[in-house]
Every structure is written in structure tokens, then in C-alpha cells.
Visitor: 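Let me give you the structure first, and then I'll get to my questions.
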Amino acid sequence: MNSIAAQPLLTGLSPGATSPVAAAKARTRLIAIDALRGLVMLFMLVDHVRETWFLHLQVTDPVDANTTDPGLFFTRFLSTFCAPTFVALTGLSAWLYGQSHSKAEVSAFLLKRGLFLIVLEFTVVGYAWPTQAPAFPPTAIWLQVIWAIGISMVALAALLHLPRPAQFAIGLAIVCLHNLLDPIRLTAQSPFFIPWAILHQREKFEIAGTVFKTTYPILPWIGVILLGYACGPWFARGTDPQPRIRRLAMLGFGLIVGFVLIRYLNIYGDKPWFVAQTPLRTMMSFLALTKYPPSLLFLMPTIGTGCLLLALFERYEGSALMPKLALLGGAPMFYYVLHLYVLKIIYNVALVLYGPTKGTVFGVDHLRWVWIWVFILIPVLYFPTRWFAQLKQRRKDIWWLKYL
């Protein structure tokens, strides 16, 4: 999740930069990338606060437009931009890291960091969810976004050695065509059930008494990280930002317009939308897209919006808000773990004080409590994350900090 190319962030010359102009362009580029990551981390906070206080109202995937409260629907919809942005920026950051490292070094780093994230998902992250019991070994493990990013990094460690046209071709083929695999549904009796559940079929399976659930099947995410890497030359050190901004804007608008057209035709890319009893619910149906695994139509508007935001952030890099968001985006793994455990503590304190108000869990009745807690938690999380991001910049001699 971190920008593994973020060493020069906000700190003068990037490796190999030879002029103030080149340094300014490199610095601007990294501020925009980390600022975008910081923004979607705030979106993620909104969604995880929603999950914490609405454990009794779990939404389906895709969300049922007929029954879900519109406020809950659009609060959850905000989070759809998080995972695609993180994974695409991870691929982009890997390419940027390669500007000052050999492909072999980039590949080795991706492999080690990917394996580290997988272990983190099974341990520190796995125990962070509000209702997860502190059993060891755990009775259930959800293979979620950190797992997906870790596996994608391991895959990219191998795929980055391909020629760039092959990277684009494979990435596009995976993203655009993987929905053709949706009809393939294997059962536990199949010898390929577990590999297929990991790749494309959201499912549960058991290994040595532990239940695994593939919340994030990994095949589409490998396509996304590969496309992010293949777009890296757009951000090469010292390049003029204006053509890049135009490309990002054109790509972003193209993806969103393409999404609207394909979605309107209702023939491919996700479950069909329908005309509901009200125009609002019809729009909800149109926007109800499959996240697990991410459909083509899920990825098009989310990545398209990410491209537009990245272009916007680079154009307005002088804004006072950009460095603040970039500091959040400079330590996303630290922020991710911190916010999960803060929410876990808050939830369990509420459960002790008020008891299970919604069946077996604590919950609230009004969505406004989600937003109240989001605004409370933003400064609570921002200051320690800022401290850690600045520590990473000061202490390059502590090698293990780059893994966080």
C-alpha cells in the first residue's frame, strides 16, 4: 500500500535529479501520488467506521438497490475508490522505484514486501477487526485487501520483466475479460477449488482446521497492478507534467464515459441493473457494482476517477491541502493498522458500556454517527501518521521502515 518510491517525497532532490527544475517536477509528481493515496485513505476510514457501527446491517455485494438505505448505499459507495486506487498506485510506485534501482532490485523488493503483507494479513491485520476473537491460531482468516496487494506485488515481481507492450496486453486482457470466467463455479469436491477460490471465485475453504474466506480474489487485482506499472513512463523523472495531466484527464474521462455506455447496454461486465420504484433507486442499481472480485464495470469508473483526481492534484500541487494529504499517503500501512485497532478499541468499549444493542453486536440507528466519528478520528489518526511519515523521511538508515 505504501509508495515504495516515496523516499524523495517533500525532501529535495530525488535520486539522479540534476537540476532544480527536474527536482521540482519529481517532487510535484510524488506529492500528487501520495496526496491521492491520502485522500482514499480518508474514504476508507468512512467505510470502516460504517462497518464498525453497522455490523447489524451488512450490505451485499453488489449492494441490493431495492432494500438498502440510500444513505448507507452512498456511504459505502465512497469506499469503492479505495482498493483500485491503492493497487494501481502500487504498480506505478514500483515503476518509479525502478528509476533508481535495477529491475532485479525492484523485483526482489516487491517479492519481499508482498510476502510481508501476506504475513501481516494473517496476523496483525487479521486480529484487528472488531469481532475477531484473539484465538491463536485463528479459527477464521479473511483474505482481504492487504492480502490482495501482497499477492499482486509478488505477481508483479515476475511480470515486470516482460516488455511494456506485453504488460499492457496482459493487464488489459485480465481486467477486460475476466468476467467471462464468472460462470465457472467450482465446488469443494474439485481438486482446483482452492486455487480457483483464490484467483476468481469468492468462497470459503478450510486448511488444517482454519477457515479461509477469499474476500478479495486476486486475478483482477493482478491486472490492475500490472497496468499501473505499465503507465509508469508517463511519470518519468524530469518529464513535462502537462502532457501527463492531459493523458490522465483523457484516460479518466474515457473510462467513465465507457463505463456509462457499457453499463447502459447491460450486456457485459457486471450483474444487470434495473429500473426500480424510484429514480434514486434506479441510479443505485446502475451504480451497484461487484467488488469481490472487482468487475470490469467496477474498475472502469473507480480507476477513471482516480486518474482525474491525480491530474487535478498535480495541477494544483501548490494548494496547502496537498502536503497534508501527502503525509497521510506517505505512511499508509501504519495508518491502516492504526485505524483498525483504534476502531476495534472504540467498538469494544461501546460494547462493554452499552451491551449488544443489535442482536449479538453493538450498533447505532442513525448514519450521522458514522460521520461524527469520522470527523473525530481524522485528527486522532492524522498526527501519529504524520509523525511516522516524517520519521520515515528522516531515518533512511532504519531499513525496515520502508516496509511500513
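The first residue in the sequence is number 1, and the count goes up from there. Keep in mind that what you see is a predicted model, and the values were worked out from it rather than measured.
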Visitor: Is it true that D61 and R76 have a side-chain N and a carboxylate O under 4.0 angstrom from each other?
Guide: yes
Visitor: Would a distance-only check, ignoring hydrogens and angles, find a side-chain to backbone donor-acceptor pair under 3.5 Å from T90 to F86?
Guide: yes
Visitor: So W371 and F375, would you call those rings parallel, tilted or perpendicular, with 30° and 60° as cut-offs?
Guide: tilted
Visitor: Would you find a donor on one side and an acceptor on the other, under 3.5 Å apart, between the side chain of Y341 and the backbone of V124?
Guide: yes
Visitor: Could you label the plane-to-plane angle of the F212 and F205 rings as parallel, tilted or perpendicular, counting under 30° as parallel and over 60° as perpendicular?
Guide: parallel
Visitor: So, for R281 and P70, which heavy atoms are closest and what is the spacing to 0.1 Å?
Guide: NH2-CD, 3.7 Å
Visitor: Taking all non-hydrogen atoms of both residues into account, name the closest pair between Y336 and V145 and its distance.
Guide: OH-CG1, 3.5 Å
Visitor: Taking all heavy atoms of L327 and all of T385, pick out the closest pair and write down the distance.
Guide: O-CG2, 4.4 Å
Visitor: I need the minimum non-hydrogen distance between V49 and W373, along with the two atoms involved.
Guide: CG1-CB, 4.0 Å
Visitor: Say whether, by atom type as modelled, one donor and one acceptor occur between the side chain of T60 and the main chain of P62 under 3.5 angstrom.
Guide: yes
Visitor: Flag this pair as yes if the NZ/CZ of R247 is under 6.0 angstrom from the six-membered ring centre of W234 and inside a 45 degree cone about the axis; otherwise no.
Guide: yes
Visitor: Could you tell me whether a side-chain N or O of S190 sits under 3.5 Å from a main-chain N or O of L186, the two making a donor and an acceptor?
Guide: no
Visitor: NZ of K204: more than 12 outside heavy atoms within 6.0 angstrom?
Guide: no
Visitor: What is the ring orientation for F81 with F77, classed by angle as parallel under 30°, tilted 30 to 60°, or perpendicular over 60°?
Guide: perpendicular
Visitor: Between T357 and G363, is there a donor-acceptor pair closer than 3.5 Å when you use the side chain of the first and the backbone of the second?
Guide: yes
Visitor: Determine whether the side chains of R202 and T215 contain a donor N or O and an acceptor N or O closer than 3.5 Å.
Guide: no
Visitor: Is a side-chain donor or acceptor of T214 paired with a backbone partner of A197 at a separation under 3.5 angstrom?
Guide: yes
Visitor: In terms of ring plane angle, is the pair W129 and H48 parallel, tilted or perpendicular, where the classes change at 30° and 60°?
Guide: perpendicular
Visitor: Answer yes or no: does atom NZ of K103 have more than 12 heavy-atom neighbours from other residues, nucleotides or ligands under 6.0 Å?
Guide: yes
Visitor: What residue pairs, at least two apart or across chains, pass ring-ring contact (aromatic ring centres under 6.0 Å, His included) with a residue in residues 260-290?
Guide: F259-F286, W273-F286
Visitor: Between N179 and S295, is any side-chain donor less than 3.5 angstrom from a side-chain acceptor?
Guide: no
Visitor: I'd like to know whether K213 forms a salt bridge (charged side-chain N to carboxylate O under 4.0 Å, His left out) with E203, so could you lay out the CA-CA distance, the side-chain angles of the two residues, the decisive distance to 0.1 Å, and finally the verdict.
Guide: CA-CA 6 Å; K213 183 172 183 179; E203 195 56 82; over 6 Å; no
Visitor: Would you say the ring centroid of F362 lies under 6.0 angstrom from that of W53?
Guide: yes
Visitor: What is the distance from atom CZ of F73 to atom OG1 of T68, rounded to the nearest 0.5 Å?
Guide: 8.0 Å
